[in-house]
Amino acid sequence: MKAQLTTLSQCRMILRAASWIVPRRARAEWRKEWEAELACAWQIAPKKGPSSAGIRLRWRCCGAFLDAAWYRCNRGDLRHTSKHWSQTPTFLLLALVSVLLLFACASGDLPRMRSILLRPPYGDPQRIATVSRTGLISSAEWVIPYSWVEIWRRHGEALEGVAAYSWRPHGSVVMIGGRHAKVASVRVEDSLFRVFGVKPLLGQTFQPSDAQCSHNCLLLSYETWRRNFFSDPNILQKKATIDRQEAMIIGVLPERFWFPDNDVGVWRLADRTSFSGDAVGVVVRLRPRVSERWAEWALQRDISNMAGEPFWDSSLQVWPVQERIRQPLISYTMALCITLLVMTPVIWSGRLNLRPQCAEAVGACRWWSFFGTKSFLLLLILLAAVVELT
Amino acid sequence: MDTPVTLSHTSALILQTISYGYRYGFDIMDVTGLPSGTVYPALRRLERDQLIQSKWENEALAQERPPRKYYRVTRLGNEVLVSAVKRYPLLERLAPEAKTKGR
């Protein structure tokens, strides 16, 4: 008897849940019809065998969700509903967000988004910055001569650490244990990972003694390790080559670490002689309580004093890495704003049914604030979903 | 009616079942073996197209239970059913036996 009552209450609960899908004006009648059918079926159920009848009734009540969905979508006319829906702000917003998400997926920026929204895997990120030259016409001159890095390493009082890297990644073929992967690689100094204060996921980062190693020492990105080498835990012991030269994998970097570009899959150790005479990218860790402006002034002064560079037409720029990482987010926000700006004349021209229904200004303000809040919440949910799913 | 109503096989089967005197949702499910997620939306569609009509049971007749909603085929529904039977010749064989009296 108790089990039978449980079945009945379960069925009622299912119907109650499904009734929330039905539009409010039709809900009471919809529920009355289903509950009447349920009551009648319950009266004759024990004659047919209580356990199977209970299962059957529960299944039938689950069908109420489809009925309720029909009520919600097709009560008027499906075509009319879809046409009306395509003119609503929600549809417009969903379309915009979908386009942006597609763009983000196609450009491979989703992992980068994750690194923007979550905490970076290195210590004191606000003190890490790149150094470049500004005020020059050619982008090739934005980079720094390697000799300047040596000066800062010896005299930079504003800096706790400095490291150089080849400023343009290039394509390499890495082969490990019979599997090969085409990835972007960048050559870096051994001090780069100490500047970042990053702890590897597997193995270790570059040490000064690695420069004497006869092989190419490599560090893999988490994405390369996961996607191309299937998260192989024994990857450090396997034979490796890079561009047909013998190499040794010494570690795997943690998830969400990327530098200088999000598509870099391999970091190669570069010795100081290989950089001499080259222009390089520079990353520094500022001392505590040193501002970017003061660091720019101090670095410029060191170069003027030691190398005689007058900085007539140019200056040095210290740019926090966090801002560099967040740059795509700014681009996406800008793209969204521009799209909305372009859409505004279309909206007000009346082609889309987004004009506030109220003629009065108060009504219009209320309508737009509701639309803004809803859009913002939807974006937040989507961003959270992106973070969770990637 | 502006355009002639073309019924799907399932809708035609349900319409014929109602015309045979099975007038409640669960009753139709019992005799046709169709699930509730198919029968009820089909009933709503048929009612929207004015092929069937619904009416609440008299409370006095419904003893010790809530009154049920029952369905009956309209004149238009009968006309559409005739053309549906021609279109689906197996319908006659699939449909249950006619009830002499509604429950």
Side-chain angles (χ1 to χ4, degrees), chain A residues 4 7-8 10-12 14-19 21-23 25-49 52-81, chain B residues 1-3 5-8 10-11 13-15 17-18 21-72 99 101-103:
Chain A
Q4 286 175 2
T7 307
L8 191 63
Q10 280 171 354
C11 289
R12 282 191 179 141
I14 293 167
L15 291 180
R16 202 171 301 142
S19 72
I21 303 171
V22 181
R25 64 178 187 283
R27 196 176 291 158
E29 194 181 327
W30 181 89
R31 229 172 120 177
K32 192 177 162 191
E33 182 182 2
W34 270 95
E35 285 187 350
E37 292 284 5
L38 179 67
C40 291
W42 187 249
Q43 279 182 351
I44 55 167
K47 295 170 196 167
K48 294 182 180 176
S52 62
I55 295 166
R56 203 168 150 182
L57 265 183
R58 273 194 288 264
W59 268 113
R60 282 193 173 176
C61 289
C62 287
F65 280 97
L66 286 174
D67 185 29
W70 189 90
Y71 251 95
R72 171 59 69 183
C73 302
N74 299 348
R75 184 67 180 160
D77 180 1
L78 182 62
R79 264 178 294 182
H80 173 75
T81 311
Chain B
M1 192 134 223
D2 297 335
T3 50
V5 180
T6 312
L7 294 179
S8 68
T10 311
S11 299
L13 177 64
I14 291 168
L15 190 62
T17 311
I18 297 168
Y22 299 90
R23 297 189 294 172
Y24 306 99
F26 275 37
D27 222 6
I28 296 164
M29 279 179 242
D30 283 336
V31 293
T32 57
L34 291 170
S36 57
T38 305
V39 170
Y40 274 98
L43 286 174
R44 314 292 180 211
R45 267 196 303 272
L46 291 171
E47 194 179 3
R48 183 196 62 189
D49 296 339
Q50 297 170 2
L51 303 182
I52 58 171
Q53 247 180 3
S54 66
K55 195 181 168 188
W56 284 100
E57 192 179 17
N58 193 335
E59 289 202 21
L61 291 173
Q63 292 164 350
E64 295 177 5
R65 61 170 173 80
R68 295 203 293 193
K69 200 181 197 181
Y70 67 83
Y71 297 89
R72 70 173 189 86
K99 251 187 183 181
K101 201 179 170 184
R103 244 190 296 177

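To find a chain, count down the sequence lines: A is the first, B the second, and so on, and within it residues start at 1. Since the structure is predicted, the reported quantities are computational estimates derived from the model, not experimental observations.
- In this structure, OH on B/Tyr40 lies 5.0 Å from CD on A/Glu33, to the nearest 0.5 angstrom.
- Atom-to-atom distance recorded for B/Tyr24:OH and A/Cys40:SG is 8.0 Å, nearest 0.5 angstrom.
- Among all heavy-atom pairs drawn from B/Ser36 and A/Ala64, the shortest one is OG-N, 4.3 Å.
- Looking at residues two or more places apart in sequence or on another chain, you find a side chain to side chain contact (heavy atoms under 4.5 Å, CB included) between B/Leu34 and B/Thr10, B/Leu13, B/Ile14, B/Thr32, B/Val39.
- Proximity to chain A is absent for every atom of B/Pro35, based on heavy atoms less than 4.5 angstrom apart.
- With a 6.0 Å cutoff to the six-membered ring centre and a 45° limit on the axis angle, A/Lys32 counts as a cation-pi contact of B/Trp56.
- Among residues two or more places apart in sequence or in another chain, the ring pair (Phe, Tyr, Trp, His ring centres under 6.0 Å) test is passed with B/Tyr71 by none.
- Within a 6.0 Å sphere centred on CZ of A/Arg12, heavy atoms belonging to other residues, nucleotides or ligands number 12 at most.
- For the atom pair CG of B/Leu43 and CH2 of A/Trp70, the computed distance is 10.0 Å after rounding to the nearest 0.5 Å.
- Under the 3.5 Å distance criterion, the side-chain polar atoms of A/Glu37 are matched with a main-chain donor or acceptor of B/Gly25.
- For the pair A/Arg60 and B/Phe26, the distance from NZ or CZ to the six-membered ring centre is under 6.0 Å and the angle to the ring normal is within 45 degrees.
- The contact between A/Trp34 and chain B is made entirely by side chain atoms (from C-beta outward), counting heavy-atom distances below 4.5 Å.
- In terms of heavy-atom pairs under 4.5 angstrom with chain A, the leader among B/Ala42, B/Ser54, B/Gly37 is B/Gly37.
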